[in-house]
Chemist: 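Before I ask anything, let me first share the structure, which is written out below as structure tokens.
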Amino acid sequence: MHTPSTRRDAVAAMNAWEESFRSCCEGKPVQDVFAKDVFTEQVMQQRLPKNVYRKLRASMRLGQALPNGIADVVAAAMKDWAVDHGATHYTHWFQPLTGLTAEKHDAFLVPDGSGAALLEFSGASLIQGEPDASSFPSGGTRQTFEARGYTAWDCTSPVFIRRVGGAVTMCIPTVFVSWTGDALDKKTPLLRSMDAMNNATMRILQFFGTDAGVSRVNTTIGAEQEYFLVDRNFYFARPDLMACGRTLIGAMPAKGQQLDDHYFGSIPTRVQGFMAEADRELYRLGVPVETRHNEVAPGQYEIASHYETANVACDHQMVLMETLQRIAPRYGLVCLLHEKPFAGVNGSGKHLNWSIATDTGVNLLDPRDETHTNMQFLVFLCGVIRAVHLNSDLLLASIASAANDHRLGANEAPPAIISIFLGDMLMDIIEQLETGTPQSTIKKAKLDLGALTLPQIPRHSGDRNRTSPFAFTGNKFEFRAVGSTAAIAWPATILNTIVADSLVVIADELEAATGAKPTEAKKLSAVKRVLKKMIKAHKPVLFSGDNYDESWHNEAQDRGLTNLPSAPEAIGVLKGKQVRDLFKRQGVLSRVEIDSRASIYFEKYVKQVLIEAETLVSMVRTMVLPAAMHQQTDIAETIAATEAADVDCQELRDMLEHHVEMIVQLRASTRNLDHAIAKNEHANVGAHAMQVCSQVVPTMERVRDLVDELEIHTAESIWPMPSYREMLAIR
């Protein structure tokens with residue numbers, strides 16, 4: 001049995017780290033560490049000729065292609081900088097539709113024909129690469145024998161150095177497209193959606209006359225990442241964690257998260273060491289992490305980053321996930337990013353904080369004082385409200401996955417009904433707008449804490465709603481339904497696209513209503529009229545109550561809001577004509593590209609669920625049933641010994657009968673699961689996903705219920721894998 005040794009090893013590892021905490025700061029100030037391995041503007045300025053630096057800087061600031069003739073100069077400077085940092089290779093680092101990152105390393109060394117070698121890196125190598133595209137998901141747009149694909153440098157995202165296993169590699173953030181030009185990654189459509197947002201937002205600024213000095217508007221993102229840590233000894237003793245990232249079976253311990261004593265509690269020493277080293281590596285890579293704390297569930301934690309331009313934030317989020325998983329083993333831990341590693345306790349999400357900002361530093365979603373007079377802000381606010389109301393099903397599709405299905409709607413995760421929470425102040429202004437001209441803004445108050453030594457603290461004009469999937473939080477929106485394993489580029493792309501589309505509609509109406517030479521009075525009248533119409537049409541998406549309340553499901557249905565409780569249903573939205581037309585209008589995805597994504601996400605759902613189902617069958621037959629039979633033998637031998645002593649043992653007989661009956665039921669349910677796996681074939685990948693969802697998933701749940709019941713009635717010394725009690729408590 002694995003449990004005694006893994007338990008001893010886990011406790012020993014924990015104690016070892018408690019006794020010798022490894023400091024990761026090396027006595028250096030943080031500012032001396034930040035972005036050390038990034039080709040920053042400061043480095044560019046030092047290493048590039050002034051005219052080249054100015055052109056590169058302008059391309060980065062305006063989101064434009066690199067001018068001809070300077071690529072070789074930039075590449076040479078990058079190569080020298082990377083070699084000075086110990087790099088021997090470079091790679092075009094991209095985000096294919098696997099949901100992970102990909103890279104192919106090429107050496108700087110090039111033979112010169114005389115037996116020696118030179119260090120070379122050309123502008124052509126910087127700007128474009130050619131990885132084999134045949135094995136990456138394409139959703140049917142490419143055949144496997146058609147292998148050519150291209151990577152192209154995204155000069156707006158910083159080049160960085162990665163140090164892994166003694167190797168030092170210069171990583172160039174790129175997009176990834178096929179030979180036909182179709183996007184095969186998550187970054188290409190993100191950059192297109194950022195352009196769409198820029199174009200739409202600039203029209204609104206121009207209407208209000210606030211575009212002076214503004215060259216570009218970007219969406220900004222700050223992501224919060226939740227994750228679990230478990231001891232490596234436990235991880236390797238659990239085939240389900242290794243293969244699926246989550247526990248497929250496991251009975252809840254007596255103490256889970258009922259006391260909420262883990263939340264914001266003192267961080268365990270070993271975990272603190274891991275966090276410190278992860279922070280330090282992330283700082284070196286320029287990732288602006290700023291928050292770390294215990295989350296609600298035992299063994300659950302969170303790390304959050306400061307906001308950045310959307311594409312850079314998405315790149316940094318991928319770096320962050322890789323870094324957490326790479327650092328954890330150094331501390332005898334494994335980082336679990338799955339949305340629901342443990343049933344019965346909080347799942348893990350990735351809150352996507354989204355806003356809009358000009359390149360002059362103005363946050364366009366900042367309400368400011370006297371919000372009722374800030375008509376430009378109210379236009380952007382209503383643009384978001386309209387976008388979310390009309391495209392709530394598409395937002396659900398952006399976060400739909402087999403893993404997120406286990407999380408949504410339970411233990412502090414929002415339900416699969418997209419609504420918006422605005423808070424008291426903004427709701428009051430919205431209601432004033434609906435009925436006429438807004439006249440006032442609810443003011444912030446002060447809280448008197450009742451002790452002379454304590455200050456009066458300012459109280460916000462409205463509370464927060466932690467059950468809302470899409471909440472306004474001061475000067476940004478927080479999309480809380482995103483799953484913890486998700487690459488945030490996809491939900492960010494969809495959010496950008498739908499808001500851009502709404503802003504275009506609003507701009508069209510405002511410009512049509514005011515004519516070629518609008519007066520301020522005309523503008524104000526048109527804005528009030530358009531916003532009033534928008535609010536009347538889209539107010540049903542606004543909800544300030546408890547999203548967990550069962551009555552909300554009925555109310556949401558009455559309001560006509562979409563409820564798609566499973567990933568296959570949500571992914572199916574991508575096949576709709578309305579969605580295809582939306583992406584085409586905004587120039588973000590072609591019909592081929594959006595259809596390919598639907599096929600890829602359906603296929604991924606099917607594969608993930610079937611991997612889980614087959615893993616569960618294997619664990620039941622090779623681990624659970626042998627342990628259950630062992631327990632059965634022990635009970636039978638106890639009965640025999642008791643009868644030999646001429647002692648009544650009816651209660652033991654009842655126990656044995658119940659145990660045998662559970663084994664019989666488990667064997668039958670496992671056979672049913674085997675049959676469900678075997679018969680799941682369908683020519684249409686969407687129908688196949690629905691079939692897996694309706695047949696395989698419920699059968700897995702039945703098997704799990706029986707296994708968890710058996711675990712409760714089986715001796716700990718016999719049970720063949722670490723329990724929830726151990727995995728959640730020993731850290």
Chemist: Is the ring pair Trp490/Tyr601 parallel, tilted or perpendicular, if the boundaries are 30 and 60 degrees?
Modeler: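 The rings of Trp490 and Tyr601 sit tilted, inter-plane angle from 30° to 60°.
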Chemist: Output yes when Arg292 and Glu302 qualify as a salt bridge under the 4.0 Å nitrogen-oxygen rule, no when they do not.
Modeler: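 So Arg292 does not pair with Glu302 through a salt bridge.
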Chemist: Would you compute the distance between atom CD1 of Ile385 and atom CG of Leu390 and round it to the nearest 0.5 angstrom?
Modeler: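 Ile385 CD1 to Leu390 CG: 11.5 Å, rounded to 0.5 Å.
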Chemist: What's the shortest heavy-atom distance between Ser157 and Val312, and which atoms?
Modeler: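 Answer, listing the atom of Ser157 first, then Val312: CA-CG2, 4.1 Å.
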Chemist: Show, in sequence, the C-alpha distance, side-chain angles and deciding distance for Phe160 and Trp93, and conclude whether the ring pair (Phe, Tyr, Trp, His ring centres under 6.0 Å) test is met.
Modeler: CA-CA 10 Å; Phe160 60 95; Trp93 182 82; 5.3 Å; yes
Chemist: Find the distance between CD1 (Ile417) and OG (Ser468) and round it off to the nearest 0.5 Å.
Modeler: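 The OG atom of Ser468 is 11.5 Å from CD1 of Ile417, to the nearest 0.5 Å.
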Chemist: I'd like to know if the side chain of Asp359 and the backbone of Ser215 have a donor-acceptor N/O pair within less than 3.5 Å.
Modeler: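 Between the backbone of Ser215 and the side chain of Asp359 there is a qualifying donor-acceptor contact (under 3.5 Å).
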Chemist: What's the shortest heavy-atom distance between Cys335 and Leu229, and which atoms?
Modeler: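 Looking at all heavy atoms of both residues, the shortest contact is CA-CD2, 3.8 Å.
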Chemist: Evaluate the side chain to side chain contact (heavy atoms under 4.5 Å, CB included) criterion for residues Asp501 and Thr497: first the C-alpha distance (whole Å), next the side-chain angles of each, then the deciding distance (0.1 Å), finally the verdict.
Modeler: CA-CA 6 Å; Asp501 201 62; Thr497 304; 5.7 Å; no
Chemist: Are Glu339 and Lys350 ion-paired here, with the side-chain N under 4.0 Å from a carboxylate O?
Modeler: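 No, Glu339 and Lys350 are not salt-bridged.
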Chemist: Verify the ring-centre separation between Phe228 and Phe342: is it less than 6.0 angstrom?
Modeler: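 Centroid separation for Phe342 and Phe228: below 6.0 Å.
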Chemist: With heavy-atom distances below 4.5 Å as the criterion, would you say the side chains of Arg216 and Asp195 are in contact?
Modeler: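 Yes, close enough: below the 4.5 Å cut-off.
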Chemist: State whether a side-chain donor-acceptor pair under 3.5 Å links Glu322 with Thr101.
Modeler: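 On atom types as modelled, these side chains qualify, holding a pair under 3.5 Å.
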Chemist: Side-chain contact test, heavy atoms from C-beta onward, threshold under 4.5 Å: evaluate it for Phe479 versus Ser398 and give yes or no.
Modeler: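 In short, these two side chains touch, coming nearer than 4.5 Å.
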Chemist: Report yes or no: do Asp185 and Thr188 form a side-chain donor-acceptor pair below 3.5 Å?
Modeler: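 Yes, side-chain donor-acceptor contact under 3.5 Å.
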Chemist: Strictly distance-based, threshold 3.5 Å: is any side-chain N or O of Asp393 a donor or acceptor partner for the main-chain N or O of Val573?
Modeler: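 No, the answer is negative, given that no donor and acceptor are paired below the 3.5 Å cut-off.
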Chemist: Okay, side chain of Ser484, backbone of Leu337: is any donor-acceptor separation there less than 3.5 Å?
Modeler: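 Yes: the side chain of Ser484 pairs with the backbone of Leu337.
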Chemist: Do Pro469 and Ser419 have side chains that get closer than 4.5 Å, going by heavy atoms?
Modeler: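 Heavy-atom side-chain distance check passes, below 4.5 Å.
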Chemist: Could you tell me the separation between the CG atom of Leu610 and the OH atom of Tyr605, rounded to the nearest 0.5 Å?
Modeler: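 Going from the CG atom of Leu610 to the OH atom of Tyr605 covers 9.5 Å.
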Chemist: Do the side chains of Lys36 and His85 get nearer than 4.5 Å, heavy atoms only?
Modeler: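 In short, these two side chains do not touch, never coming nearer than 4.5 Å.
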Chemist: Under 4.0 Å between a Lys/Arg side-chain N and an Asp/Glu carboxylate O for Glu603 and Lys607?
Modeler: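 Yes, Glu603 and Lys607 are salt-bridged.
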Chemist: Using a strict 4.0 Å threshold on nitrogen-to-oxygen distance, state whether Arg580 and Asp595 make a salt bridge.
Modeler: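 Salt bridge present between Arg580 and Asp595.
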Chemist: Is a side-chain donor or acceptor of Arg407 paired with a backbone partner of Ala481 at a separation under 3.5 angstrom?
Modeler: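 Checking the backbone N and O of Ala481 against the side chain of Arg407, a donor-acceptor pair under 3.5 Å is found.
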Chemist: Could you point out which residue of Asp154, Thr493, Asn311 forms a side-chain hydrogen bond (donor to acceptor under 3.5 Å, both in side chains) with Lys187?
Modeler: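 Checked Asp154, Thr493, Asn311 against Lys187; only one passes side-chain hydrogen bond (donor to acceptor under 3.5 Å, both in side chains): Asp154.
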Chemist: Can you tell whether the side chains of Arg192 and Glu593 come within less than 4.0 Å, N to carboxylate O?
Modeler: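 Looking at Glu593 together with Arg192, the answer is yes, because their closest N to O distance falls below 4.0 Å.
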Chemist: Determine whether the side chains of Thr151 and His92 contain a donor N or O and an acceptor N or O closer than 3.5 Å.
Modeler: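 The criterion, which ignores hydrogens and geometry beyond distance, is satisfied for His92 and Thr151.
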Chemist: Mind checking the CG-OG spacing from Leu408 to Ser401? Nearest 0.5 Å is all I need.
Modeler: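 Answer rounded to 0.5 Å: 8.0 Å.
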Chemist: So which of Ile303, Val287, Leu282 actually passes side-chain contact (heavy atoms from CB on, under 4.5 Å) with Thr323?
Modeler: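 Answer to the side-chain contact (heavy atoms from CB on, under 4.5 Å) test with Thr323 among Ile303, Val287, Leu282: Leu282.
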Chemist: Can you tell me how the ring of Phe136 sits relative to the ring of Phe94, calling it parallel under 30°, perpendicular over 60° and tilted otherwise?
Modeler: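 The rings of Phe136 and Phe94 stand perpendicular, inter-plane angle above 60°.
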Chemist: Under a 3.5 Å cutoff, is there a donor and acceptor pairing between the side chains of Thr91 and Asp106?
Modeler: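 No.
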Chemist: Does Arg466 come within less than 4.0 Å of Glu478, counting only side-chain N to carboxylate O?
Modeler: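 So Arg466 pairs with Glu478 through a salt bridge.
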Chemist: Check the pair Lys584 / Arg591 against side chain to side chain contact (heavy atoms under 4.5 Å, CB included), numbers first and verdict last.
Modeler: CA-CA 7 Å; Lys584 182 179 179 181; Arg591 176 171 179 167; over 6 Å; no
Chemist: Looking only at heavy atoms, which two atoms of Thr220 and Ala357 are closest? And how far apart?
Modeler: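 In terms of heavy atoms, the two residues are closest at CG2-CB, 4.0 Å.
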Chemist: Between Phe477 and Phe470, is the gap from one ring center to the other below 6.0 Å?
Modeler: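 Close enough - the centres of the two rings lie under 6.0 Å apart.
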Chemist: Say whether, by atom type as modelled, one donor and one acceptor occur between the side chain of Asn391 and the main chain of Ala387 under 3.5 angstrom.
Modeler: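 A pair under 3.5 Å: yes.
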Chemist: Flag yes if more than 12 heavy atoms outside Glu290 fall under 6.0 Å of its CD atom; otherwise flag no.
Modeler: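 Enclosed: over 12 neighbouring heavy atoms sit under 6.0 Å from CD of Glu290.
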Chemist: Checking side chain to side chain contact (heavy atoms under 4.5 Å, CB included) for the pair Trp354/Thr219: CA distance, chi angles, key distance, verdict?
Modeler: CA-CA 7 Å; Trp354 178 93; Thr219 50; 3.6 Å; yes
Chemist: Regarding Asp315 and Gln95, do their side chains bring together a donor and an acceptor under 3.5 Å, going by distance alone?
Modeler: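 A pair is found: one side chain offers a donor N or O, the other an acceptor, under 3.5 Å apart.
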Chemist: Taking side chain as C-beta onward, heavy atoms only, is Thr309 less than 4.5 Å from Thr156?
Modeler: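 Not in contact.
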Chemist: Do Ile611 and Gln608 make a side-chain contact, defined as non-hydrogen atoms from C-beta onward lying under 4.5 Å apart?
Modeler: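 With C-beta onward as the side chain, the pair stays apart.
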Chemist: Looking at Asn363 and Asn475, would you say the former's side chain and the latter's main chain have a donor-acceptor pair under 3.5 Å?
Modeler: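 Looks like yes, one N/O pair under 3.5 Å.
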Chemist: To the nearest 0.5 Å, what is the distance between NE2 (His389) and OG (Ser502)?
Modeler: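 Rounded to the nearest 0.5 Å, the NE2-OG separation comes to 11.0 Å.
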Chemist: Hey, are Glu281 and Arg163 close enough for a salt bridge, meaning a charged N less than 4.0 Å from a carboxylate O?
Modeler: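 No, this pair does not count.
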Chemist: Taking C-beta and beyond as the side chain, do Pro367 and Phe472 meet within less than 4.5 Å on heavy atoms?
Modeler: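 Yes, their side chains come closer than 4.5 Å.
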Chemist: Ala200 and Leu503: which non-hydrogen atoms are nearest, and at how many Å?
Modeler: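 Shortest heavy-atom contact: CB-CB, 3.9 Å.
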Chemist: Over 60° means perpendicular and under 30° means parallel, so classify the ring planes of His89 and His105, tilted if in between.
Modeler: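 Tilted, since the angle between the ring planes falls between 30° and 60°.
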Chemist: Distance-only, no hydrogens or angles: does the Gln300 side chain make a donor-acceptor pair with backbone N or O of Gly347 under 3.5 Å?
Modeler: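 Present.
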Chemist: Rounded to the nearest 0.5 Å, what separates atom CZ in Arg203 from atom CD1 in Ile506?
Modeler: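 CD1 of Ile506 is found 11.0 Å from CZ of Arg203.
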Chemist: Report yes or no: does Asn353 contribute a side-chain atom to a donor-acceptor pair with the main-chain N or O of Gly222 at less than 3.5 Å?
Modeler: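 Judged by distance alone, yes, a pair lies under 3.5 Å.
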Chemist: Is it the case that the ring center of Trp81 lies less than 6.0 angstrom away from the ring center of Phe39?
Modeler: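 Yes, ring centres under 6.0 Å apart.
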Chemist: Within a 6.0 Å radius of atom NZ on Lys476, are there more than 12 heavy atoms belonging to other residues, nucleotides or ligands?
Modeler: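 Yes, the 6.0 Å shell around NZ holds more than 12 heavy atoms from other groups.
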Chemist: For the residue pair Ser355 and Leu365, what are the closest heavy atoms and their distance?
Modeler: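 Heavy atoms only, the tightest pair is OG-CB, 3.6 Å.
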Chemist: Taking the side chain from Asn198 and the backbone from Val217, do they hold a donor-acceptor pair closer than 3.5 Å?
Modeler: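 A pair under 3.5 Å: yes.
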Chemist: Indicate the atoms forming the closest heavy-atom contact of Ala492 with Ser193, along with that distance.
Modeler: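 So the minimum-distance heavy-atom pair works out to O-OG, 4.5 Å.
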Chemist: Does a donor on one side chain and an acceptor on the other come within less than 3.5 Å for Glu308 and His316?
Modeler: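 Short answer, yes.
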Chemist: Are Val159 and Trp153 close enough that some pair of their side-chain heavy atoms sits under 4.5 Å apart?
Modeler: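 Yes, side chains in contact.
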Chemist: Taking atom OH of Tyr307 as the centre, does the number of heavy atoms from other residues, nucleotides or ligands within less than 6.0 Å exceed 12?
Modeler: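 No, because the 6.0 Å sphere around OH of Tyr307 holds 12 heavy atoms or fewer from other groups.
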Chemist: Quick one: does Asn404's side chain have a donor or acceptor within less than 3.5 Å of a partner on Ala400's backbone?
Modeler: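 Answer holds: no.
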